[in-house]
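Working notes, structure below.
Here is how names work: the chains are called A, B, and so on, in the same order as the sequence lines, proteins then strands, and each is numbered from 1.
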Amino acid sequence: MRTSQYLIATLRETPADAEVISHQLMLRAGLIRKLASGMYTWLPAGLRVLHKVTAIVREEMNRSGALEVSMPVVQSAELWQESGRWDKMGPELLRFVDRHERPFCLGPTHEEVITDLIRNEFNSYKQLPANFYQIQMKFRDERRPRFGIMRAREFLMKDAYSFHINQASLEQTYQLMYQTYSNIFSRLGLDFRAVLADTGNIGGSTSHEFHVLADSGEDDIVFNSTGSYSANIELADGLIRDLDDGSADMLQSRELDTAQAHTIEALTSLLDLPATRLIKTLIVKAVQSDTNPHGLMALVLRGDQELNDIKAEKLSGIVSPLTFATDEEIENVIGCKPGCLGPNHLDFPVVVDRSAEKMRNFICGANKSSIHLADANWGKDCRFDMVADIRKIKEGDLSPDGQGELLIKRGIEVGHIFQLGTKYSQAMNASVLDENGRSVLMTMGCYGIGVSRIVAAAIEQNNDANGIIWPDAIAPFQVAIIPLNAHKSPRVTEISEQLMTDLEKAGFEVLLDDRDKKTSPGVKFADMELMGIPHRIVVSDRGLENNELEYKSRRAENAESVPLASVMEFLSARIAT
RNA sequence: CGGAGUGUAGCUCAGUCCGGUAGAGCACCGCCUUCGGGAGGCGGGGGUCGGAGGUUCGAAUCCUCUCACUCCGACCA
């Protein structure tokens, strides 16, 4: 390809509405342009990258035995009503009606459509297991699209759905997908981690997310140094250091006048005690019932620990999303304002985190204004109804498998695999006959990859002051050829053209910068670097005098000379395929 | 949806407080010079100042309404 025949849409300055580096560079390198919030046009160079990512995903999915299909983007409301998600989904499901006033939505995911397809096609256990996938634009009317392509409303996704006769078969395919995803992200040249994850709205039991590590990521992921444990912080478990073993003798509790000290921080300085001696009591809303007429629940943690909302939301009887009780509600039921709350004499459920369960002689609120209890103890002064893991783990906690300390890093979620179980097959009655002729609900799994997001994530991980640095596997072009003074030197032109032809014949993708003499060498160097083309050849009279070309890797500091005669072998050895 | 902010040329921005014929740099077009790191000179084209309404002799500027976009929070590939 020649730049004169191509769209080089580079920008010298950073558009004002792009905040993160990948968004800025995608605009500056001329990969995308915005149409509206969360909706982008892919320009030729950007589309080349997107297609390369797509091709790798497709190859590996095919290798795993999955079968490619293509399902409609527009889906009828009936299916969504059948699964129950029409009402559950909320406004990110973009709904509209056709000319007959029949309701439809733009597909944000395709569990309903594939389940409908398979319940009609499959009758026998002999047809299982099966795994179907597609690579297609999805639409989710995000509350807040941001970071360009990273969280767009319209985005390219690979989604796969597997069907099984039982859980054991699902687990087999799940493992295969786990391995397939690892292969895909390795081939893409990305630094990634697979982590245990929450299942969220999609439902199901086991789930793993695949994260590309990058400081701009929106998720905190937790892992230990040996790699034996990794999880999203939403559900990460960790062993807390210096946990009270509860072996000290119980003392007699006494009341302390703590005046205006209403926060853990204020109490630690007032009493000159570490936060680990204190107990933190949070009052949240719970489902109202005969046994819980106030509709409240107390969540209790050690003073230095923080609540993990997502873990808490899984407690039975709690209101989801997690909602804190108002000051008025607390005052009406308990008789004092927040700041002096404690897990004593509460007539609604008390859930205590493992960090606080075995504490002895602790400080907690006395549920009286300006009064705390010192040397309080479970059983004597306070009671709880159950122990749960509801704390947010911290960097430095010990790995739950005993292997080292936990680290926390930011990650960009680019893949997510789920064991769905029978959630959809049950709602939509998708069954086959087993070997005994009995009707059995199919067990399902689903597996997503954010294909367009990968493009942004790859840039977040691979860039410098001059622009993008593509991994070879997904670069829009592998080699840039820059002829210098071509308008004066027929030899430079001839060699450049010949090299492009030879490289293209050998299967490489080449961009020859043949823009005319008004485009100075500096502009060409800058554009090719901004676009992130990983290998560069400069053809100049100066070099040709010695029968040499100049090669520079986008990642390297300096250029090197290459004999003209051996340039093909030289490049073949350096370009990863 | 709550909070904050921005809309003026393709891009980056000045002009708005204090009303008086719409500007700069880059990009683009033509000619000349230059040619290994975003060149220089001369000449040019390009704007419903986000939109609607109002105040005024006169509005980018003041007032009202509205739309779009960005950032921060709760959700997701």
Determine which nucleotide pairs with [N], using a 3.5 Å limit on both distances of a Watson-Crick or G-U wobble pair.
N	value
B:G73	B:C1
B:G43	B:C29
B:A22	none
B:G7	B:C67
B:G37	none
B:A14	none

Are [X] and [N] close enough that a side-chain N or O sits under 4.0 Å from OP1 or OP2?
X	N	answer
A:S520	B:A39	yes
A:R12	B:U12	no
A:S37	B:U70	yes
A:K158	B:A77	no
A:R146	B:C72	yes

message: Please verify the inter-ring angle class for A:H416 with A:F418; under 30° counts as parallel, over 60° as perpendicular, anything in between as tilted.
response: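 Rings of A:H416 and A:F418: parallel, under 30°.
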- request: Using the six-membered ring wherever Trp is involved, compare the ring planes of A:H208 and A:Y174 and label them parallel, tilted or perpendicular (cut-offs 30° and 60°).
  value: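 Taking A:Y174 first and then A:H208, their aromatic rings sit tilted (interplane angle of 30° to 60°).
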Hey, does [X] reach any base, or is it just sugar-phosphate, or nothing, if we go heavy atoms under 4.0 Å?
X	value
A:D159	nothing
A:R536	base
A:E550	base
A:M150	base
A:L484	base
A:V523	base
A:A16	sugar-phosphate
A:A152	base
A:T14	sugar-phosphate
A:Y181	nothing
A:N466	nothing
A:R153	nothing

Base [N] paired with [X] side chain (donor-acceptor, <3.5 Å):
X	N	answer
A:N485	B:G36	no
A:E13	B:G25	yes
A:H487	B:C35	yes
A:R144	B:G3	no

NZ or CZ of [X] within 45° of [Y] ring axis and under 6.0 Å:
X	Y	value
A:R153	A:F155	no
A:R536	A:Y551	no
A:R95	A:W86	yes

Rounded to the nearest Å, what distance is computed from the [atom1] atom of residue [X] to the [atom2] atom of nucleotide [N]?
X	N	atom1	atom2	result
A:L7	B:G10	CG	P	17 Å
A:M89	B:A77	CE	C1'	12 Å
A:F147	B:C69	CZ	P	17 Å
A:R33	B:G10	CZ	P	13 Å
A:E218	B:C76	CD	C1'	9 Å
A:H416	B:C75	NE2	P	14 Å
A:H110	B:A77	NE2	C1'	14 Å
A:L27	B:C11	CG	P	11 Å

task: Measure from the ring centre of A:F155 to the centre of the six-membered ring in the base of B:A77, then say whether that distance is under 5.5 Å and the planes meet at under 30°.
output: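 Yes, aromatic ring over the base.
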With rounding to the closest Å, how many angstrom separate the [atom1] atoms on [N] and [M]?
N	M	atom1	answer
B:G73	B:U56	P	47 Å
B:G25	B:U21	C1'	24 Å
B:G45	B:A39	P	25 Å
B:C49	B:A60	P	7 Å
B:A14	B:A52	P	24 Å
B:G38	B:C26	P	14 Å
B:C18	B:G44	C1'	36 Å
B:C28	B:G47	C1'	15 Å

task: In plain terms, say whether A:E111 and A:R85 are close enough for a salt bridge, that is, a side-chain N and a carboxylate O under 4.0 Å apart.
output: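 Answer for the salt bridge query: yes.
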- request: Could you verify whether a donor N or O on one side chain and an acceptor N or O on the other, from A:S22 and A:E460, lie under 3.5 Å apart?
  value: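 Yes, A:E460 and A:S22 have a side-chain donor paired with an acceptor closer than 3.5 Å.
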query: Are A:T115 and A:E112 linked by a side-chain donor-acceptor pair shorter than 3.5 Å?
result: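 No donor-acceptor contact under 3.5 Å links the two side chains.
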field: Position toward the 5' end of RNA chain B (nearest nucleotide), A:D17 or A:E234
entry: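 Looking at RNA chain B, the more 5' nearest nucleotide goes with A:D17.
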message: Quick check: on RNA chain B, is the nucleotide nearest A:E529 upstream (toward 5') of the one nearest A:K34, or the reverse? Name the residue that is more 5'.
response: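 So the residue in question is A:E529.
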Those residues that, when tested against A:F525, pass ring pair (Phe, Tyr, Trp, His ring centres under 6.0 Å) (two or more places apart):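 Testing A:F525 for ring pair (Phe, Tyr, Trp, His ring centres under 6.0 Å), a comparison that skips the adjacent residues, returns none.
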field: Flag if over 12 foreign heavy atoms under 6.0 Å of CD, A:E68
entry: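 It does: A:E68 CD has more than 12 such atoms within range.
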message: Quick check for you: among B:A77, B:A74, B:C35, whose closest atom lies nearest to any side-chain atom of A:E413?
response: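 The answer is B:A77, which lies nearest to the side chain.
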